[in-house]
Amino acid sequence: MSIGYACLSVGVPETGFKTCTQKNADRDRLRSLIAHNLTSLENLIDYNAENNIRLFRISSDIIPFGSSPVNQLAWQDLFGEDFTRIGEKIRTAGMRVSMHPGQYTVLNSPDEDISRRAVLDLEFHARFLDALHTGPENKIVLHIGGAYGNKQEAARRFAGMYAGLDSAVRQRLVIENDEKSFSIRDVLDISGETGAPVVFDNLHHAVNPGGTPGSDSGWIRACAGTWGTGDGRQKIHYSQQAPGKKTGAHSDSIRIDDFLTFYQSIHGEELDIMLEVKDKNLSAVKCINCTADARQINLLERDWGRYKYLILEQAPAVYREIRELLKNRAAYPAAAFYRLIEYALTAEADRGNSVNAAEHVWGYFKNTADEREKKQFFRCLEKLEAGETSSAPCKHMLLHLAQKYRQKYLLASLYFYI
DNA sequence: TGACGTCAAGATCCG
DNA sequence: CGGATCTTGACGTCA
């Protein structure tokens with residue numbers, strides 16, 4: 001069982017992706033964007049390895065215009081050594097990666113130009129995973145596409161296109177139910193035609209159930225048989241409805257109690273679970289820690305180190321409560337810990353709390369900062385206290401100091417990033 | 001023709 | 001100047 005997240009991180013330094021507009025996409029620009037993005041990918045892989053995250057989706061945007069004639073760069077060759085090095089790290093960490101072209105890659109489109117571009121896009125994704133020297137269990141996840149008023153016909157067109165794909169693509173391709181047209185029942189039928197493994201997406205299924213009713217775990221079992229020996233562990237996508245947002249919108253964070261209920265219901269299934277959630281790695285670590293075999297409190301202490309100043313700012317009472325909770329080093333109150341963090345993050349910002357948290361963080365620098373920095377910080381703090389600014393300028397300054405004075409522990413604090 | 005979804009670039013305004 | 005808040009771009013389908 002691995003639990004992972006998609007594409008981007010929250011609060012991991014130097015992991016951002018850059019792109020440009022089509023009209024600015026010249027060779028030099030693309031080369032430097034790709035160099036930057038591969039460095040970010042390597043930093044993400046390092047972070048994942050250090051944090052026990054063994055499932056990760058690589059963003060399609062890592063190569064800007066990766067399947068467009070705008071990008072003629074031989075990036076596999078130009079960055080061959082980087083790909084090899086990053087691929088080795090993935091393998092060494094026992095990590096499984098994937099890619100997922102978005103809703104605009106439509107293989108079954110009746111418009112031949114659109115389906116042709118979809119093929120090119122899939123080939124780009126396969127080329128990327130090949131460049132990392134990853135095996136075929138590192139999948140490309142794809143939706144079936146549009147229904148065009150005749151789902152049967154659209155499904156047949158998908159199967160026809162699938163059969164014509166290069167084996168480098170086909171061996172990696174897995175198909176997923178969507179929230180509009182193709183239900184899990186439809187996708188299982190298409191799998192019967194094509195042999196492609198099926199990814200069950202619980203939220204898409206809740207929005208677009210189709211077929212005969214069944215529990216999530218029932219459908220997951222139904223998908224299990226589509227995964228062959230070379231395909232690796234069966235994968236599912238898991239997400240939760242964002243409260244108050246439109247149907248199908250992903251939540252900001254995974255609510256741990258709902259996740260654990262789901263997790264109990266699929267107990268015994270050997271699955272890889274890809275979380276689709278705004279706070280990305282944060283929810284991944286949460287769910288990993290709450291289902292870990294090694295119930296060591298240092299897992300929680302480590303995550304607490306990243307949350308603590310954020311929680312101090314959001315809800316000082318919860319800060320104190322969590323400190324109490326973690327005092328018993330023989331216990332492993334993972335769910336209780338994350339439940340408190342979820343609760344604290346719902347609190348409204350309070351100026352006094354912001355000042356208090358900023359002063360705490362300032363404690364790292366009060367003996368090392370020079371006179372100019374001291375003056376600057378306290379001027380910033382006074383403005384915050386007077387309600388003349390948000391806490392952003394203070395935080396920005398403290399982050400700058402953390403970088404200058406190499407406070408590694410502080411640099412990883414979510415206080416700066418949420 | 002605009003909504004849909006996503007995230008970064010780019011533009012603009014404010015103090 | 002930094003920060004906050006738009007708008008645009010890039011994609012295809014569907015109402």
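Since the model is a prediction, treat every value here as computed from it, not as a measurement.
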Notebook entry, point to check: How close or far is atom C1' of B:dA8 from atom CD1 of A:Ile63, stated in whole angstroms?
Noted result: 16 Å
Item checked: Pairwise distance OG(A:Ser115) to CG(A:Asn108) - rounded to 0.5 angstrom -> 8.5 Å
Notebook entry, point to check: Atom NZ of A:Lys246 and atom P of B:dT6: how far apart are they, to the nearest Å?
Noted result: 11 Å
Next item on the list: Start with the C-alpha gap between A:Arg156 and A:Glu153, add the side-chain angles, then the distance that decides, and say whether salt bridge (Lys or Arg N to Asp or Glu O under 4.0 Å) holds.
Entry: CA-CA 5 Å; A:Arg156 267 197 294 279; A:Glu153 184 61 32; 3.1 Å; yes
Note to self: Does A:Lys180, at its NZ atom, have more than 12 non-hydrogen atoms belonging to other residues, nucleotides or ligands within less than 6.0 Å?
What the structure shows: no
Item checked: Gap between atoms CG and C1', on A:Asn71 and C:dA10 respectively (whole Å) -> 14 Å
Margin query: Using whole Å, what does the distance between atom C1' of nucleotide C:dC14 and atom NE2 of A:His143 come to?
Written below: 16 Å
Checklist line | Sugar-phosphate, base or nothing in reach of A:Lys280, heavy atoms under 4.0 Å | finding: sugar-phosphate
Check: Do other residues, nucleotides or ligands put more than 12 heavy atoms under 6.0 Å from A:Glu348 CD?
Finding: no
Check: C:dC14 P sits how many Å from A:Ile144 CD1, rounded?
Finding: 14 Å
Any protein N or O atoms within reach of nucleotides 9-15 of chain B? Criterion: under 3.5 Å, listing atom names and distances.
unit_1	atom_1	unit_2	atom_2	d
B:dG10	OP1	A:Asn24	ND2	3.1

Note to self: Any non-hydrogen side-chain atom of A:Ile190 less than 4.5 Å from a side-chain atom of A:Ile144?
What the structure shows: yes
Next item on the list: To the nearest 10°, let me know how far the axis at one end of the helix from B:dT1-C:dA15 to B:dG15-C:dC1 is tilted from the axis at the other, five pairs an end.
Entry: 70°
Item checked: Identified salt bridge (Lys or Arg N to Asp or Glu O under 4.0 Å) partner of A:Asp272 from the options A:Arg96, A:Lys139, A:Arg54, A:Lys235 -> A:Arg96
Next item on the list: For A:Gly149 and for A:Phe65, find the nucleotide of DNA chain C with the closest heavy atom, then tell me which residue's nucleotide is more 5'.
Entry: A:Phe65
Next item on the list: Select base, sugar-phosphate, or nothing to describe what A:Lys180 touches, counting heavy atoms under 4.0 Å on all strands.
Entry: nothing
Checklist line | Interatomic spacing from CG in A:Leu310 to CD1 in A:Ile341 - rounded to 0.5 Å | finding: 8.5 Å
What are the atom names and distances for every N/O pair under 3.5 Å that joins the protein to nucleotides 11-13 of chain C?
unit_1	atom_1	unit_2	atom_2	d
C:dG12	OP1	A:Arg117	NH2	2.6
C:dT13	OP1	A:Ser109	OG	3.0
C:dT13	OP1	A:Tyr148	OH	2.2

Check: Should the heavy atoms of other residues, nucleotides or ligands under 6.0 Å from NE2 of A:His36 be counted, would the total exceed 12?
Finding: yes
Next item on the list: Can you tell me the distance, in whole Å, between the CG atom of A:Leu8 and the C1' atom of B:dT6?
Entry: 9 Å
Margin query: Between P on B:dC7 and CZ on A:Arg57, what's the gap in Å once rounded to a whole number?
Written below: 10 Å
Note to self: From CG of A:Asn37 over to P of B:dA8, roughly how many Å is that when rounded to an integer?
What the structure shows: 10 Å
Check: Any side-chain heavy atom of A:Phe259 sitting closer than 4.5 Å to one from A:Cys290?
Finding: no
Next item on the list: Taking the six-membered ring for Trp and the full ring for Phe, Tyr or His, determine whether the centres of A:Phe200 and A:His205 are under 6.0 Å apart.
Entry: yes
Check: Within the structure, does a side-chain N or O atom of A:His396 lie under 4.0 Å from either OP1 or OP2 of C:dG2?
Finding: no
Next item on the list: Remember a base hit wins even if backbone is also touched, and classify A:His100 as base, sugar-phosphate or nothing at under 4.0 Å, heavy atoms.
Entry: nothing
Check: Are side-chain N/O atoms of A:Tyr5 and A:Asp279 paired as donor and acceptor at under 3.5 Å?
Finding: no
Notebook entry, point to check: So with a 6.0 Å cut-off around NZ of A:Lys375, is the heavy-atom count from everything else above 12?
Noted result: no
